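This report concerns only the one structure given below.
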Amino acid sequence: MGKILIGIIVAFIVFVGGFYAHDRLTRDTSILEVKDYDELESAYFAGGCFWCVERDFEKLVGVEEAISGFMGGEAENPTYKSHEGYRETVRVVYDPEVVDYETLVQYFFRHHDPTDEGGSFRDRGYSYTSAIYPNNESEEEIALRVIDEINEEGVFESEIVTAVEMGYDFYRAEEYHQDYYLKNPGRYNTYRRASGRDAFIEGVWGDRLDEFGNSKSVWASYQKPSDEVLKEELSEIEYKVTQKDSTEKPFSEGNLDKNYEDGIYVDILSGEPLFSSKDKFDSGTGWPSFVRPISNEFVVTKPDYKLILPRTEVRSKYGDNHIGHVFQDGPEPTGERWCMNGAALEFVPLAEMEERGYGDYVDKV
């Protein structure tokens, strides 16, 4: 019996070790360059389904993180199954040197229906109604002023009914609600399309949608196709890597590991510019490796516990696609190894960058 148990343990170690070839030099997989929260501030918004509010705010430049939770009630420790008197609320952690509070408020009103007294789109009830929870009188004044300005302009057919309330604690929702749009893209995208949220927003704001988007990129408007369409558009390995968080085999034919032509590597679906040939190096792992992304705007790093030992997953920000993992065993000057799946990337040669809309990144190559 002891030999059988040892055999099982050894087999498991070999199995996990195969995946951890990505991390062949070290097990230090802490989140890189996490900004000191002392330098950041938080704002609180309720705009219906917190999955949607969280996703929208995480696309805004200057927002470091958006966290789903509950606010506005009296009972302690609300949960998703028991939060009577609370609204679904998102804590927006932002860098005030990049985006200010008024921009957050303006952005908030461009991403939900603030005139609905009974809920939000298909979600009905108090917990889905609109609210802003200011931290102080200055933020309260900004919120009320923005509401007055939008009402006076007559943007919406009805008056804004968004509540502005101070003095409440924020309670974080269960972990499965955090980054739901990343963890369950198929279900999330189906839900969002069916809700009518995006159609309403586009109908009200049109070309003015991103007036307060603070340098939002052209890729921010990308909408992921349905799972059925993705299965038709992508090869089997492309689908498994980008949508099911799989890892391609090292040294796979055509996985871009040995490509050193000048150019950039973009998300195979959304087209977001992710990595430059200038930052590529031969890690010897059999996967395309880089010392840094081309811009922090287009990548999202998330803790990954799928293999028990923690890793740091890399996803495209606007495409919500799995790209690879980042480790702390790379060369100078960053000491990082962004170990990507070639199946998640498309290479755009330098000679084609201008024509294909990547002219702003030529100096990055």
Side-chain angles (χ1 to χ4, degrees), residues 19-35 61 182 217 219 237-238 240-242 245-304 310-353 356-365:
F19 283 97
Y20 272 85
H22 265 247
D23 189 15
R24 61 190 175 88
L25 300 180
T26 181
R27 290 292 182 260
D28 179 10
T29 57
S30 57
I31 297 292
L32 60 149
E33 297 182 358
V34 175
K35 197 153 188 175
V61 176
L182 293 175
S217 73
W219 292 278
I237 187 60
E238 289 169 347
K240 286 183 176 179
V241 167
T242 60
D245 304 346
S246 294
T247 299
E248 66 192 10
K249 292 181 179 180
F251 304 103
S252 300
E253 183 178 354
N255 80 337
L256 301 173
D257 175 41
K258 298 302 181 182
N259 177 51
Y260 291 101
E261 184 182 350
D262 289 340
I264 61 172
Y265 298 78
V266 306
D267 182 305
I268 194 172
L269 283 166
S270 68
E272 294 163 76
L274 301 177
F275 299 96
S276 167
S277 58
K278 183 173 67 174
D279 299 315
K280 195 170 188 286
F281 71 99
D282 186 357
S283 65
T285 61
W287 290 281
S289 300
F290 307 84
V291 297
R292 61 168 70 87
I294 199 168
S295 168
N296 289 330
E297 178 184 353
F298 303 109
V299 295
V300 175
T301 56
K302 302 288 183 182
D304 178 0
R311 297 182 295 172
T312 300
E313 180 191 12
V314 178
R315 301 185 69 91
S316 56
K317 183 167 186 177
Y318 300 118
D320 295 347
N321 297 310
H322 174 74
I323 309 295
H325 292 85
V326 61
F327 304 104
Q328 303 298 307
D329 59 11
E332 295 299 331
T334 65
E336 299 162 1
R337 176 166 57 92
W338 293 70
C339 193
M340 304 296 105
N341 291 280
L345 301 172
E346 178 188 359
F347 177 70
V348 180
L350 177 61
E352 299 178 13
M353 287 176 60
R356 295 186 57 179
Y358 297 101
D360 291 342
Y361 299 92
V362 169
D363 62 347
K364 302 286 188 181
V365 174

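Computed over heavy atoms, backbone and side chain alike; hydrogens, waters and symmetry mates excluded. All values reported here derive from a predicted model rather than from experimental measurement.
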Contact between [X] and [Y] at the side-chain level, heavy atoms closer than 4.5 Å - yes or no?
| X | Y | answer |
| --- | --- | --- |
| K278 | V365 | no |
| P331 | F281 | yes |
| K364 | I264 | no |
| W338 | L274 | no |

If you look at every heavy atom in [X] and [Y], which pair is closest and at what distance?
| X | Y | result |
| --- | --- | --- |
| F290 | S276 | CD2-O, 3.7 Å |
| F347 | D262 | CZ-O, 3.4 Å |
| A344 | V241 | CB-CG1, 4.1 Å |
| V314 | M340 | CG2-CE, 4.0 Å |
| V266 | G271 | CB-O, 3.6 Å |
| R337 | S283 | CD-CB, 3.8 Å |

Hey, what do you get for [atom1] ([X]) to [atom2] ([Y]), rounding to the nearest 0.5 Å?
| X | Y | atom1 | atom2 | result |
| --- | --- | --- | --- | --- |
| K302 | R315 | NZ | CZ | 9.0 Å |
| K249 | N341 | NZ | CG | 13.5 Å |
| K240 | D245 | NZ | CG | 13.5 Å |
| I294 | E272 | CD1 | CD | 12.0 Å |
| L345 | I268 | CG | CD1 | 8.0 Å |

Check: [X] side chain, [Y] main-chain N or O, donor-acceptor pair, under 3.5 Å:
| X | Y | result |
| --- | --- | --- |
| K280 | F275 | no |
| S289 | W287 | yes |
| S316 | N321 | yes |
| T334 | V291 | yes |
| E248 | G342 | yes |
| D267 | S270 | yes |
| S277 | G263 | yes |

Next item on the list: Look at the rings of H325 and F327 and say which category their plane angle falls in: under 30° parallel, 30 to 60° tilted, over 60° perpendicular.
Entry: parallel

Item checked: Parallel, tilted or perpendicular: rings of Y318 and F298 (30°, 60°) -> perpendicular

Next item on the list: Before accepting this row, confirm whether a basic side-chain N of the pair K258/D282 lies closer than 4.0 Å to the acidic partner's carboxylate O.
Entry: yes

